[in-house]
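The next block holds one structure in the form of structure tokens; read it before the comments.
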Amino acid sequence: MPRGNRTLPDTVPLFPLPGAVLLPRTRLPLHIFEPRYLQMLDDALRSGERLIGMIQPIGEGLASIGTAGRISMFSENDDGRMMISLRAISRFRLVEVIEGFTPYLRGRVEWAPYRADLRAAVPDDPDFDRPGFMERLGRYMTAQDLSTDWNAAEEAGDELLINSLSMLLPLGVEEKQALLEAETLPERRQMLDGLMEYALHGGDDDEEMLH
């Protein structure tokens, strides 16, 4: 799939990590220390694209949707651990897991369903009641005993705010996966808002928020 003057590869190395999702136009910091993933990092850095596919384990396998991030920064700690930053490039659909050639998993992927991720234009959310959302976010953060940089949150654009919160808030694997798979920014924002409201009201055993 073309990206500027380059083509995204048909296969990417996979980094399965529960609770870690990468959303469009965001960055994800990671500590790499397992030998197989240090090898993955080394191989990715040697490649032209420098891509790593973030994907969540679901049940006994992997989620069907993940996100490829480009290594934009890396540094080595004294103990050999690597600190990297991934810049989101595009979500992908996992077609097939490829095993056996490397100590880490690789995936054959499909990019076409997520062409919009490659566009430079930031999507709109014209019905976003930002003051109301921020008020609920404040109550949610207080209830969860969380802190945040409110100045940065106020200054962030709508998409960056929603996508960053979807990545950072202490939500379950399935909830984060649903947020990742939301097709539009308004859908993701509505889902995130609903999850916060659900948490604020203590939940309901008979209610399925994601269906």
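Atoms considered below: every heavy atom in the structure, side chains included; atoms not considered: hydrogens, waters and symmetry mates. We count residues from 1, following the sequence as given.
Residues satisfying the side-chain hydrogen bond (donor to acceptor under 3.5 Å, both in side chains) test with Glu110, not counting sequence neighbours, are none. For Arg27, the side-chain hydrogen bond (donor to acceptor under 3.5 Å, both in side chains) criterion is met by Ser72, not counting sequence neighbours. For Asp149, the side-chain contact (heavy atoms from CB on, under 4.5 Å) test picks out Asn151, Ala152, with sequence neighbours left out.
Taking 4.0 Å as the cut-off between side-chain N and carboxylate O, Arg108 and Asp10 do not count as a salt-bridged pair.
In this structure, CG on Asp125 lies 10.5 Å from CD on Glu187, to the nearest 0.5 angstrom. Interatomic distance, CZ of Arg91 versus CZ of Arg115, reported as 14.0 Å (0.5 Å rounding). One distance of note links CG of Leu179 with CD1 of Ile162; it measures 9.5 Å at 0.5 Å rounding. Atom-to-atom distance recorded for Ser64:OG and Ile55:CD1 is 7.5 Å, nearest 0.5 angstrom.
Closest approach of Leu118 to Ser90, counting heavy atoms only: CD2-CB, 3.9 Å. Nearest heavy atoms, Val95 versus Val109: CG2-C, 4.0 Å. When every heavy atom of Leu62 is checked against every heavy atom of Pro57, the shortest pair comes out as CD2-CA, 4.1 Å. Heavy-atom minimum distance, Leu180 versus Gly66: CD2-CA, 4.3 Å.
Linking Ile, Leu, Val, Met, Phe, Trp and Tyr whenever their side-chain heavy atoms come within less than 4.5 Å leaves Ile52 and Ile98 in two separate clusters.
For the pair Lys176 (side chain) and Gln56 (backbone), a donor-acceptor distance under 3.5 Å is absent. Thr67 places a side-chain N or O within donor-acceptor distance of the main-chain N or O of Leu22, the cut-off being under 3.5 Å. Looking at Asn77, its side chain never comes within 3.5 Å of a backbone N or O of Met82 through a donor-acceptor pair. Checking side-chain atoms of Trp111 against main-chain N and O of Pro9 turns up a donor-acceptor pair under 3.5 Å. Side-chain N or O atoms of Asp79 include one that pairs as donor or acceptor with a backbone N or O of Arg81 at under 3.5 Å. For the pair Arg136 (side chain) and Asp193 (backbone), a donor-acceptor distance under 3.5 Å is absent. Side chain of Asn163 to backbone of Leu23: no donor-acceptor contact under 3.5 angstrom is found. In this structure a side-chain-to-backbone donor-acceptor pair under 3.5 Å is missing from Arg70 to Arg87. Side-chain N or O atoms of Glu175 include none that pairs as donor or acceptor with a backbone N or O of Leu192 at under 3.5 Å.
For residues 153-167, every residue pair satisfying the salt bridge (charged side-chain N to carboxylate O under 4.0 Å, His left out) rule, not counting sequence neighbours, is listed here: Arg25-Glu159, Arg130-Asp158. Residue pairs that meet the side chain to side chain donor-acceptor pair (under 3.5 Å) test with at least one member in residues 137-148, sequence neighbours left out, are Glu135-Arg139.
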Expected list for residues 36-48: side-chain donor-acceptor pairs under 3.5 angstrom, two or more places apart:
residue: Arg36; atom: NE; partner: Glu34; partner atom: OE1; Å: 3.1
residue: Arg36; atom: NH2; partner: Glu34; partner atom: OE1; Å: 3.4
residue: Gln39; atom: NE2; partner: Asp43; partner atom: OD1; Å: 2.8
residue: Gln39; atom: NE2; partner: Asp43; partner atom: OD2; Å: 3.4
residue: Asp42; atom: OD2; partner: Arg46; partner atom: NE; Å: 3.0
residue: Asp43; atom: OD2; partner: Tyr104; partner atom: OH; Å: 2.7
residue: Ser47; atom: OG; partner: Ala44; partner atom: O; Å: 2.6
residue: Ser47; atom: OG; partner: Arg50; partner atom: N; Å: 3.1

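By the neighbour-count criterion of 12 heavy atoms within 6.0 Å, atom CZ of Phe133 is densely surrounded, having more than that number from other residues, nucleotides or ligands.
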